Amino acid sequence: MAYDHKHIEKKWQEKWKKDEPYRSTEDTDKKKAYVLDMFPYPSGEGLHVGHPRGYIATDIYSRMKRMQGYSVLHPMGWDAFGLPAENYALKNKVHPRVAVEKNISNFKQQLAHIGFDYDWSREINTTDPAYYKWTQWIFLKMLEHKLAFQSNEPINWCPSCKTGLANEDLDGPVCERCGTTVEKKSLPQWVLKITDYADRMLADLDSLNWPEHIKEAQRNWIGRSEGAEISFPIVGSEETVTVFTTRPDTLYGATYLVLAPEHRFLTDKNYGFTKSLINADDVRAYVAQAATKTEIERGAEGKEKTGVKLEGVRALNPATKEEIPIYVADYVLGGYGTGAIMAVPAHDERDYEFAKKFNIPVRNVVEPVLVQTTGSAAFRENEPVQDSNGIIAIVKHWGDEKYMGLYWSKAEWGTLLTGGIDEGMAPEETALKEIREETGYTDARIVESFGTIHSKYYHAPKELNRFGHAPTFYIELKSDAREEVSPEELAKHELHWLTKEELKSFLTATSHLQALAFLDSHVYTGSGLLANSGDFSGKDSEQAKWDITQAVGGKRVTRYKLRDWVFSRQRYWGEPIPVIHCPKDGVVPVPYEDLPVVLPEVESYEPTGTGESPLATIESWVNTKCPKCGEPAKRETNTMPQWAGSSWYYLRFMDPHDATQLVSTKNEKYWAPVDVYVGGDHAVRHLIYARFWHKFLYDIGVVSTQEPFARLEFLGFILAEDGRKMSKRYGNVINPDDVIAEYGADAFRIYEMFMGPFENTTNWSTASIAGTSRFVERLWNLHETVTDAPVPELEPLLHRTIQKIGADIESFKFNTAVSQAMIFLNKIEEVGNIGKEQWRSFICILAPLAPHSTEELWELSGETSSIHLAPWPSFDEKIIAASHSEIVVQVNGKRRGSITLPADAVEEAALAAAKALPTIMAMLDGNEPKRVIYVPGRIINLVV
RNA sequence: GCUGGGAUGGCGAAAUUGGUAGACGCACUAGCCUUAGGAGCUAGCGGGGCAACCCAUUGGAGGUUCGAGUCCUCUUCCCAGCACCA
């Protein structure tokens with residue numbers, strides 16, 4: 001009889017609902033496994049086939065863990081506060097609460113068809129007052145620990161969503177939700193000091209078993225950089241401009257300062273130094289213009305630098321004691337560092353670009369040091385070194401876009417024009433002289449000087465290491481005027497005219513390649529030897545960094561890109577921020593015993609757009625009494641952002657019904673941390689917020705682990721068959737309900753896992769699901785071939801299959817687990833029957849993947865309890881090893897045949913067997929192999 | 001530009017971590033079965049050969065090794081994140 005998926009799947013889904021075999025318990029006799037999905041946002045669109053992929057993975061994983069004897073926590077819940085739900089409700093003219101309830105029940109029904117093992121008794125919903133009581137509780141604790149504070153700093157404001165946003169809610173310069181360009185707006189805001197945790201969040205990333213790209217994204221977002229703050233006095237004033245730089249070693253090359261348009265010296269009229277400003281109007285106009293420009297405009301204009309010089313105001317470079325100009329320019333960001341920089345055009349691309357435009361001097365202070373590591377001139381460590389001075393010149397052809405290359409045939413060595421500097425002769429003079437002597441060209445002009453390139457190499461003729469110091473020039477020939485060259489010079493090298501590209505492969509010395517690089521980019525941003533830097537000249541730039549900082553009274557500081565978390569939203573659908581504003585006592589937290597502050601039911605919850613929350617209009621709710629003095633006071637009307645509830649929900653699953661505490665110590669100790677966390681996207685926001693809250697809860701003793709999620713598995717998306725995202729807009733959405741109705745939940749589950757590696761993004765293919773559907777059918781049909789006695793032929797492969805499927809599920813390689821199952825199934829069909837115990841083992845390891853059909857087959861085999869509570873089968877490595885009897889015979893590393901030998905056969909036996917093969921005999925042609933490499937159980941390789 | 005990850009048949013992919021490249025599945029081709037098939041079965045599916053076998057081959061170029069998809073150097077292209085962060 002064919003497999004009737006509709007009937008069988010329904011039968012078991014109902015039975016599991018009734019019997020609750022998946023109830024989680026804090027069973028201290030067992031090891032625990034906490035397996036968690038990123039809980040969904042119940043949108044109105046319902047699920048498409050991409051959504052359940054992660055849920056199927058955790059389902060399979062948790063089912064296996066349960067069978068392996070673990071106490072499993074695999075819960076599900078709903079993240080339902082926030083803008084999407086509210087916007088959906090507004091559009092459809094229903095209350096968000098009603099919309100959310102409806103969407104949740106729709107989601108739950110869809111999930112039920114797939115046959116998940118969730119413990120629904122632990123379901124949570126972030127919009128439930130019993131839940132968000134604890135979200136508010138955490139906020140109050142943060143307030144208590146001064147991690148939550150009020151601020152009036154301008155924040156990102158989305159004019160379409162009518163609310164303030166955190167940096168993390170932006171997609172570049174636009175609101176990630178609606179795509180509207182955000183504005184800057186000053187509003188009283190609640191802010192969380194996430195930056196206090198930046199260092200710990202960065203350091204602890206190393207301890208996490210997470211995909212590298214996600215850790216990297218977090219490192220990027222935290223954006224730690226070490227540098228120095230250095231103060232530049234303003235000439236004729238008491239004021240100083242403090243700049244942040246990661247390159248204090250280049251201080252001697254700082255030839256101007258730049259203030260961001262947002263710098264307080266420019267925006268705050270109280271700063272006296274502006275009195276001496278001659279062109280105040282121009283400056284003010286530039287600042288005003290920059291303020292109206294959105295970040296996208298600032299960035300878009302081809303990054304062409306703009307700015308205005310502060311005429312009449314000068315700063316003192318504390319190292320050189322030179323007076324340098326100050327500019328305002330929008331390439332400096334107000335929000336990072338101190339909002340002011342020292343500009344070093346010689347060693348920073350952006351400063352160089354600006355300096356060229358405004359004709360500001362460029363002073364080289366760091367010179368590259370190269371070590372020749374390849375070729376005959378490779379530097380020899382631990383051998384004596386001799387200093388030498390010479391020049392390097394890039395010489396351009398008088399007519400073509402070609403450059404001079406010299407090939408030294410004796411040394412097999414391609415160079416630019418070089419030459420030693422004679423005592424008392426200027427490098428410039430030397431360069432021109434060398435061109436004349438070595439090549440005869442007389443009509444040469446120095447166009448540019450690149451400073452000195454240092455290089456360590458081995459000088460073969462003298463059998464000595466050299467540390468060369470070479471001033472480097474770019475020289476153009478004005479004509480082909482040429483005098484005679486002495487025959488001995490001519491004999492030494494051949495002259496070639498080469499394009500830049502050709503020169504790149506022609507040159508052998510790394511120092512010459514560096515000279516060539518200067519032609520394209522005039523800016524050297526690396527480290528090296530300091531020059532033109534007073535007492536520090538000649539020192540290593542990296543080592544001198546902090547000495548220079550100290551010498552000018554600067555201080556070493558660490559800066560982050562990460563901004564504090566703007567935590568207020570001027571919208572209705574969120575957790576009310578639990579504070580009261582009292583005219584007398586100021587900000588007063590709502591007493592813990594008064595939590596939760598329940599979101600009031602209202603008729604109109606439209607955002608006002610004025611920067612006030614819609615809650616502000618509900619007088620009866622807003623007006624309250626101060627908990628401290630009892631006088632009339634007003635409630636805070638802002639709500640929390642969408643990410644609040646999801647920042648700690650994984651803790652509530654451990655103990656979802658405790659009305660007296662967030663999570664009991666007993667349960668937290670048992671379940672924490674989350675062993676495997678599965679989801680896509682959210683690489684930065686949710687994970688960084690949750691880690692922040694978790695570390696805070698650790699600090700106040702609520703949780704016992706430093707990190708919430710020990711292991712993270714990243715989920716690849718499923719695209720539509722046409723390669724685009726599944727969306728109503730494109731009409732390419734595949735609904736899992738339809739797929740399941742046609743092929744069954746088991747085939748659907750297996751297909752989603754078989755599509756490709758779990759972290760890969762793949763296109764959905766309805767045609768391909770036929771393969772896994774066939775697999776379930778064929779598996780079903782096999783139960784008629786079960787015999788009493790075990791089939792010996794199947795033993796090795798069965799054990800290998802148990803081993804591989806277990807290991808693959810453990811490491812989230814579901815695609816190869818499925819493939820192994822198919823291989824074994826093919827083998828059973830080939831053999832024709834399977835022993836009863838073998839069959840039971842096989843369906844047991846398939847149970848996590850195909851929970852319905854295997855449960856039915858289990859029952860058919862005479863069992864009365866659930867297969868999902870059966871023990872996971874074990875395997876015997878010896879039986880697996882015994883099957884590896886075929887070993888490959890190679891000649892010179894190429895496969896030429898195979899022989900069958902016991903795995904523990906000695907080399908002599910293997911060699912004899914190999915030699916006996918006709919092909920091998922022919923290839924050896926009576927000779928003995930020169931060498932034999934024998935890897936028992938694998939290969940034997942004969943070298944002839 | 002920076003950082004991280006990739007590139008293997010017509011397609012999704014696998015490869016015991018340096019040891020038979022292309023497992024498994026899809027699509028395709030031929031045949032069988034069937035009133036019919038978007039069902040099932042058998043065989044084939046890099047190139048050559050009736051065959052045993054031979055040759056080529058993991059984006060490209062070099063290298064290390066008895067042996068390289070895997071390690072090293074250079075290079076091209078693709079994806080993702082960040083991006084005037086000093």
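Because the structure is a prediction, the values reported are computed rather than measured. Here is how names work: the chains are called A, B, and so on, in the same order as the sequence lines, proteins then strands, and each is numbered from 1. Just so it is clear, the values below take in all heavy atoms, side chains as well, and ignore hydrogens, waters and symmetry mates.
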J.: Is the base of B:G9 syn or anti, where syn means the angle lies within 90° of 0?
T.: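 Because its glycosidic torsion lies within 90° of 0, B:G9 adopts the syn conformation.
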J.: Could you tell me whether A:K827 and A:E829 make a salt bridge, using a distance below 4.0 angstrom between a side-chain N and a carboxylate O?
T.: no
J.: How far, in whole Å, is B:A27 from B:A21 if one measures between their P atoms?
T.: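 It works out to 29 Å between them.
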J.: Would you mind pulling out the nucleotide paired to B:C71, Watson-Crick or G-U wobble, both distances under 3.5 Å?
T.: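 The base-pairing partner of B:C71, which may sit in any strand shown, is B:G63.
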J.: Hunt down the Watson-Crick or G-U wobble partner of B:A80, both distances under 3.5 Å, from any strand shown, or write none.
T.: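 The base-pairing partner of B:A80, which may sit in any strand shown, is B:U3.
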J.: Tell me which of A:I933 and A:N760 sits closer to the 5' end of RNA chain B, going by the nucleotide each one is nearest to.
T.: A:N760
J.: Which nucleotide, if any, forms a Watson-Crick or G-U wobble pair with B:A56, using both distances under 3.5 Å?
T.: none
J.: Whether the side chain of A:K561 and the base of B:C82 hold a donor-acceptor pair under 3.5 Å is what I'd like checked.
T.: no
J.: Rounded to whole angstrom, note down the C1' distance from B:U64 over to B:C74.
T.: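 Taking atom C1' in both B:U64 and B:C74, they lie 15 Å apart.
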J.: So does A:N220 reach the base of B:C82 with its side chain, donor to acceptor, closer than 3.5 Å?
T.: no
J.: Tell me what A:P211 touches on the nucleic acid: a base, only sugar-phosphate, or nothing, going by heavy atoms under 4.0 Å.
T.: nothing
J.: Please state the P separation for the pair B:U58 and B:C41 - nearest whole angstrom.
T.: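 To the nearest whole Å, 36 Å.
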J.: For a quick check of understanding: with a heavy-atom distance under 4.0 Å over all strands, which category does A:S768 fall into, base, sugar-phosphate or nothing?
T.: sugar-phosphate
J.: Taking the same atom, C1', in B:G19 and in B:C78, what whole-Å distance lies between them?
T.: 31 Å
J.: When rounded to the nearest Å, what value does the distance between P atoms of B:U57 and B:U70 take?
T.: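 It comes out at 14 Å once rounded to the nearest Å.
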J.: Can you check the distance between B:A14 and B:G22, where both ends of the measurement are the C1' atom (answer in whole Å)?
T.: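 Roughly 8 Å separates the two C1' atoms.
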J.: Using the C1' atoms only, state how far B:C26 lies from B:C45, rounded to an integer number of Å.
T.: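 My reading of the C1' atoms in B:C45 and B:C26 gives 13 Å.
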J.: Taking pairing as Watson-Crick or G-U wobble with both contacts under 3.5 Å, can you name the mate of B:C41, or confirm there isn't one?
T.: B:G31
J.: At what distance, to the nearest 0.5 angstrom, does OG1 of A:T816 lie from NZ of A:K804?
T.: 4.0 Å
J.: Could you tell me whether A:K305 sits above the aromatic face of A:Y331, with NZ or CZ closer than 6.0 angstrom to the six-membered ring centre and within 45 degrees of the axis?
T.: yes
J.: Could A:R53 and A:W764 be counted as a cation-pi pair, given that NZ or CZ must be under 6.0 Å from the ring centre and within 45° of the axis?
T.: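 Judged by the rule (NZ or CZ under 6.0 Å from the ring centre, within 45° of its axis), A:R53 is not positioned above A:W764.
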J.: For B:U17, does the glycosidic angle fall within 90° of 0 (syn) or outside that (anti)?
T.: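 Nucleotide B:U17 adopts syn.
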J.: Across the strands shown, which category fits A:N763 at heavy-atom distances under 4.0 angstrom: base, sugar-phosphate, nothing?
T.: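 Contact class for A:N763: none.
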J.: A:Q890 near the nucleic acid: base, sugar-phosphate alone, or nothing, with a heavy-atom cut-off under 4.0 Å?
T.: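 Base contact - A:Q890 has a heavy atom under 4.0 Å of at least one base atom.
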J.: Could you please name the partner base of B:G25, counting Watson-Crick and G-U wobble pairs only when both distances are under 3.5 Å?
T.: B:C11
J.: Using the C1' atom as the point on both nucleotides, what is the distance between B:A39 and B:A23, in whole Å?
T.: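 Nearest-Å result for B:A23 against B:A39 at atom C1': 27 Å.
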J.: Check this for me: does any side-chain nitrogen of one of A:E742 and A:K6 sit under 4.0 Å from a carboxylate oxygen of the other?
T.: no
J.: From NZ of A:K813 over to C1' of B:A13, roughly how many Å is that when rounded to an integer?
T.: 13 Å
J.: Taking the nucleotide of RNA chain B with the closest heavy atom to each, which residue, A:Y560 or A:E742, is nearer the 5' end?
T.: A:E742
J.: Would you tell me if any nitrogen or oxygen in the side chain of A:N826 comes within less than 4.0 Å of OP1 or OP2 on B:G25?
T.: yes
